[in-house]
Novice: 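Before I ask anything, let me first share the structure, which is written out below as C-alpha cells.
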Amino acid sequence: MKNFIEELKWRGMLHDSMPTTEEHLLESMRSAYVGFDPTSDSLHIGNLVPIMLLAHFQRCGHQPIALVGGATGMIGDPSGKSSERNLLDEKTLRHNQEAIKAQLSHFLDFTSNADNAAVLVNNYDWMKDFSFLEFIRDIGKHISVNYMMAKDSVKNRIGSESKEGMSFTEFTYQLVQGYDFLHLYQNNNASIQMGGSDQWGNITTGTELIRRIGGGKGYAITCPLITKSDGSKFGKSEGGNVWLDAKRTSPYKFYQYWLNASDEDAEKYIKIFTFLEKATVDALITEHKEAPHMRLLQKRIGEEVTLLVHGKDAYENAIKASNILFGKSTASDLKSLDEQTFLDVFDGVPQATVTTTDIEEGLDMIGALAAKTNFLKSNGDARRALKENAISVNKEKVKDDFTISKEDLIADKYVLLQRGKKTYYLLKVE
RNA sequence: GGGGAGAUACUCAAGCGGCCAACGAGGACGGACUGUAACUCCGUUGACUAUGUCUUCGCAGGUUCGAAUCCUGCUCUCCCCA
C-alpha cells in the first residue's frame with residue numbers, strides 16, 4: 001500500500017489532516033469521499049484538485065467515493081460567497097449526476113472488479129425521505145449550536161462586520177454535510193472525508209457525528225486552495241469558468257489555459273494536476289529552469305491534463321490550433337484544415353458575412369475590414385492599420401492594394417483577417 | 001441665501017482671438033524585440049470620397065474677416081461664507 005499522505009505532501013496537496021490519519025491509511029484499504037456540486041452538468045477545473053485527490057487515493061490502493069451533493073447543493077455552502085441556490089428538479093439532478101460521473105471516469109476507475117473500484121453516490125438519495133422532525137431529533141440533538149457557531153464559515157457571516165447575515169438554511173448546511181459523512185461511514189465504510197481547506201469545519205462536524213452517533217472515528221484530509229501567483233482567481237479566464245466539458249470550453253481553450261500559466265504556477269500545477277512521478281517532475285523543473293523560454297512545464301501540464309480530460313484527438317487538434325494562432329503557420333496550413341476544426345479554432349472570433357458577388361468582383365481591404373463588415377470602427381481606422389503593416393489575410397501580411405479573391409477562401413467560404421498578432425476576424429462568404 | 005472656481009477627446013490635463021483636430025501623461029491598439037510573458041524602443045489614437053474637406057472643446061445664442069479662447073443666458077460640478 002503506497003503512502004497516500006507522503007504522496008500528497010511532495011505534491012503540495014496536503015493542507016491539513018487529522019492526527020493518526022497516516023497510520024489509519026497504512027493499515028489497510030480505506031474509503032474516502034469528496035463532495036461535488038451538481039448544479040451544472042459539467043465540472044470545471046476548480047473541481048480538478050479534489051478529483052486529483054480521489055485519483056491519487058485510488059492509485060495508492062484505496063477506494064474513492066465521489067459524492068454528488070444533490071441535497072446539499074440545494075442549500076448552499078456558506079463557506080465562501082455562495083449566492084442563493086436554485087432548486088434542481090430531480091430530472092436535472094440525475095442528468096447532471098450522469099454527466100459528472102462521465103467526466104470523473106476519466107480520472108477514476110468505476111468499472112474494475114477490484115475492491116477499490118470508485119463509487120458514485122448522491123446524498124439526495126438518502127436525504128430526500130429524511131423528514132425534518134427525524135433529522136432534528138436524530139442528528140441535531142447531538143451537535144450543540146455553540147459548536148456550530150464556532151466554525152469560521154458561520155463566524156464570518158454573523159460577525160458584526162458582515163452585512164449579509166445568514167439564513168437558518170445555510171446555518172444547517174454543516175449538519176447536512178456532516179450527516180453525509182456519518183451515512184457513508186455506516187453504509188459505505190467511508191472513514192475519511194477530503195476537500196479544500198475551506199471545508200475543514202464542515203468535515204469536522206461530520207467526524208463529530210461519527211464519534212457521537214456512530215461510536216467510531218472519522219478522518220479528515222484537506223488540500224490547499226489553489227492560488228495564482230498574480231493574485232487572480234484560479235480556473236477563471238476572461239470567458240468565465242474553464243469547464244471540463246468540451247462544449248462549454250473547447251479543448252483548444254482548455255489547453256491554452258494551462259499553457260499560459262506563469263512559471264511559478266506551473267511548478268505547482270505539474271505536481272497537482274498530473275500523475276507524473278516525483279523524479280520526472282524534478283527533472284522537468286530542472287530542465288525548465290535551464291531554458292524557461294521553452295516553457296516545458298506548461299506544455300507538459302497542458303498535454304497531460306488535456307489528454308486526460310479530452311483525449312488524444314482533441315489534444316492534437318489543440319496543438320494544431322495553437323500552432324496556427326501563435327506559430328508560424330502559412331496560408332496553405334490554414335487551407336489544409338477541415339471546416340470543423342477551423343471553426344473550433346476560431347470559435348468566439350467576430351464574424352461578418354459578405355456575398356459571393358463581393359468576392360468575385362474582388363473585395364478590397366477597406367471594404368473587408370470596415371465598410372462592409374465593421375470589424376474596425378471606421379474606414380480611416382482600416383487605412384491606418386494597413387499603413388501600420390498590421391493587417392494579415394490568412395496569416396500573410398497585406399498592403400492596402402490587396403484584394404480578396406476566390407483563391408483566398410478557406411473551405412470555400414471563410415477568409416481569416418487579422419489585425420496585429422492577436423486580433424482575429426472571420427469573414428464568411430455566402 | 002451671499003461669494004468664488006470650473007466644465008476640453010477613453011481618463012487626467014494644457015491651451016485663454018488666427019500658427020488648433022487641439023501640448024503633455026495614462027490607457028488602448030499596432031510595429032520591433034520576446035517565451036502566446038515582462039521590460040524597452042518606435043508609431044497610431046474625430047470622421048471622410050484624404051498633401052484636401054467636414055464635424056468637435058458642457059448647452060443655446062451673440063461679438064468678430066476669424067472663437068476652445070471674448071460677451072450673454074442656461075445646465076451641471078466643486079469650494080468658501082451664512
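Quick note on labels: first sequence line is chain A, next is B, and so on, each numbered from 1. Note that the structure is a prediction, hence the values are computed from the model and not measured.
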Novice: Calculate the interatomic distance between A/Asn379 atom CG and B/rG46 atom P; express it in whole Å.
Specialist: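 That distance rounds to 15 Å.
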Novice: Using the C1' atom in both, what is the distance from B/rG17 to B/rG62, to the nearest Å?
Specialist: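 Between the two C1' atoms, the distance is 15 Å.
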Novice: Could you work out which one of B/rU36, B/rG35, B/rA47 sits closest to the side chain of A/Leu259?
Specialist: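 Of the candidates, B/rU36 comes closest.
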Novice: With a 4.0 Å limit, can you tell me whether A/Arg295 has a side-chain N or O closer than that to the phosphate oxygens OP1/OP2 of B/rA37?
Specialist: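 Negative; the distance criterion is not met.
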Novice: Just compare B/rG31, B/rG30, B/rC48 and give me whichever is closest to any side-chain atom of A/Lys397.
Specialist: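 For A/Lys397, the side-chain atoms sit closest to B/rG31.
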Novice: Does NZ or CZ of A/Arg419 lie under 6.0 Å from the centre of the six-membered ring of A/Phe375, at an angle within 45° of the ring axis?
Specialist: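 So A/Arg419 doesn't make the cation-pi contact.
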Novice: What is the separation between atom CZ on A/Arg383 and atom P on B/rU51, rounded to the nearest whole Å?
Specialist: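 About 11 Å, once rounded to whole Å.
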Novice: Once you round it to whole Å, what is the distance between C1' of B/rG35 and NZ of A/Lys289?
Specialist: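 Computing the A/Lys289:NZ to B/rG35:C1' distance gives 17 Å.
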Novice: Can you tell me the Watson-Crick or wobble partner of B/rC70, both distances under 3.5 angstrom?
Specialist: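 Its partner is B/rG62.
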Novice: Taking only the C1' atom of each, what is the distance from B/rC23 to B/rG4 in whole angstrom?
Specialist: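 Rounded to whole Å, the distance is 28 Å.
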Novice: When the P atoms of B/rC70 and B/rA5 are compared, how many Å lie between them, rounded to an integer?
Specialist: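 Taking atom P in both B/rA5 and B/rC70, they lie 13 Å apart.
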Novice: Look at the rings of A/Phe254 and A/Trp258 and say which category their plane angle falls in: under 30° parallel, 30 to 60° tilted, over 60° perpendicular.
Specialist: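 Judged by the thresholds at 30° and 60°, the geometry between A/Phe254 and A/Trp258 is perpendicular.
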Novice: Counting side-chain heavy atoms from C-beta on, which of B/rG35, B/rU49, B/rU44 comes nearest to A/Arg384?
Specialist: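 Of all the options, the side chain of A/Arg384 is nearest to B/rU44.
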Novice: Calculate the interatomic distance between A/Lys377 atom NZ and B/rA28 atom C1'; express it in whole Å.
Specialist: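 Interatomic distance, NZ of A/Lys377 to C1' of B/rA28: 9 Å.
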Novice: Look at the side chain of A/Asn260 and decide which nucleotide, out of B/rC48, B/rG35, B/rU36, has an atom nearest to it.
Specialist: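 Within the option list, the nearest is B/rU36.
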Novice: Need the pair for B/rG1. Rule: Watson-Crick or G-U wobble, both distances under 3.5 Å, any strand; none if unpaired.
Specialist: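 Answer to the pairing question: B/rC81, which forms a Watson-Crick or G-U pair with B/rG1.
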Novice: Please test A/Ser42 against A/Gln103 for side-chain contact (heavy atoms from CB on, under 4.5 Å), starting from the C-alpha separation and ending with a verdict.
Specialist: CA-CA 8 Å; A/Ser42 173; A/Gln103 293 183 336; 3.1 Å; yes
Novice: Salt bridge or not between A/Glu304 and A/Arg300? Use side-chain N to carboxylate O under 4.0 Å.
Specialist: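 Yes, this pair counts.
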Novice: What integer number of Å spans the C1' atoms of B/rC74 and B/rA28?
Specialist: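 It works out to 36 Å between them.
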Novice: Check every strand shown and say whether A/Gly420 touches a base, only sugar-phosphate, or nothing at a heavy-atom separation below 4.0 Å.
Specialist: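 The residue A/Gly420 makes sugar-phosphate contact but no base contact.
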Novice: Under 3.5 Å for both donor-acceptor distances, Watson-Crick or wobble: does B/rC76 have a partner, and if so which one?
Specialist: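 B/rG6 is the nucleotide pairing with B/rC76.
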Novice: On a whole-Å scale, what distance lies between the P atoms belonging to B/rA7 and B/rA14?
Specialist: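 To the nearest whole Å, 8 Å.
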Novice: If we ignore hydrogens and angles and just use 3.5 Å, is the side chain of A/Arg11 paired with the main-chain N or O of A/Thr274 as donor and acceptor?
Specialist: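 Flag set: sc A/Arg11 to bb A/Thr274 pair under 3.5 Å.
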Novice: Regarding B/rU34, can its base be found pairing with the side chain of A/Lys421 as donor and acceptor, where the two atoms are less than 3.5 Å apart?
Specialist: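 For A/Lys421, whose side chain was compared with the base of B/rU34, there is a donor-acceptor pair (under 3.5 Å).
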Novice: On RNA chain B, compare the nucleotides closest to A/Ala385 and A/Pro292; which residue's is nearer the 5' end?
Specialist: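 Upstream on the strand: A/Ala385.
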Novice: Both distances under 3.5 Å, Watson-Crick or G-U wobble: report the partner of B/rG24, or none.
Specialist: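 With both distances under 3.5 Å, B/rG24 matches B/rC12.
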Novice: As a test of reading the structure: which of B/rC48, B/rG35, B/rG43 is closest to the side chain of A/His293, going by heavy atoms?
Specialist: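 Output: B/rG35.
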Novice: Could you identify the nucleotide paired to B/rG52, looking across every strand shown and requiring Watson-Crick or G-U wobble geometry with both distances under 3.5 Å?
Specialist: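 Paired with B/rC48.
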Novice: Could you state the atom-to-atom distance from NE2 of A/His288 to C1' of B/rA37 in whole Å?
Specialist: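 It is 11 Å, rounded to the nearest whole Å.
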Novice: For B/rG43, give the paired nucleotide (Watson-Crick: N1-N3 plus N6-O4 or O6-N4; G-U: N1-O2 and O6-N3; both under 3.5 Å), or none.
Specialist: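 Here B/rG43 is engaged in a pair, and the nucleotide opposite it is B/rC29.
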Novice: Which part of the nucleic acid, if any, lies within reach of A/Thr423 when heavy atoms closer than 4.0 Å are counted: base, sugar-phosphate only, or nothing?
Specialist: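 Touches sugar-phosphate only.
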Novice: Would you kindly compare A/Ser378 and A/Ala261 by the position of their nearest RNA chain B nucleotide and give the one closer to the 5′ end?
Specialist: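 Going by which nucleotide is closer to the 5' end, it is A/Ala261.
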Novice: Whole angstrom is fine here: how far is it from CD in A/Glu388 over to C1' in B/rC42?
Specialist: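 Nearest whole value for this atom pair: 11 Å.
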Novice: Give me the distance, rounded to whole Å, that separates B/rG26 from B/rU72 when you measure between the P atoms they each carry.
Specialist: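 Nearest-Å result for B/rG26 against B/rU72 at atom P: 39 Å.
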Novice: Are A/Lys312 and A/Glu316 ion-paired here, with the side-chain N under 4.0 Å from a carboxylate O?
Specialist: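 The answer is yes: the pair qualifies as a salt bridge.
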Novice: Determine, stepwise, if the pair A/Glu6 / A/Lys278 fulfils salt bridge (charged side-chain N to carboxylate O under 4.0 Å, His left out).
Specialist: CA-CA 11 Å; A/Glu6 277 301 313; A/Lys278 188 168 194 319; over 6 Å; no
Novice: Can you tell me how far P of B/rG35 sits from CD of A/Gln256, to the nearest Å?
Specialist: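 These atoms are roughly 17 Å apart.
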Novice: With rounding to whole Å, what would you report as the distance between B/rA9 and B/rU63 at their C1' atoms?
Specialist: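 Result for the C1' pair: 28 Å, nearest Å.
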Novice: What is the base-pairing partner of B/rA38, counting Watson-Crick and G-U wobble geometry with both distances under 3.5 Å?
Specialist: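 Here B/rA38 is not engaged in any pair, so there is no nucleotide opposite it.
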Novice: If the P atom of B/rC48 is compared with that of B/rU40, how far apart are they to the nearest Å?
Specialist: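 33 Å, rounded to whole Å.
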Novice: Ignoring hydrogens and angles, does a donor from either the side chain of A/Asn389 or the base of B/rG30 sit under 3.5 Å from an acceptor on the other?
Specialist: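 It does not, because no donor-acceptor pair links the side chain of A/Asn389 to the base of B/rG30 below 3.5 Å.
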Novice: Does A/Glu388 come within less than 4.0 Å of A/Arg384, counting only side-chain N to carboxylate O?
Specialist: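 No, no charged N to carboxylate O under 4.0 Å.
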Novice: What is the distance from NZ of A/Lys387 to C1' of B/rU44, rounded to the nearest Å?
Specialist: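 My rounded result for the distance is 9 Å.
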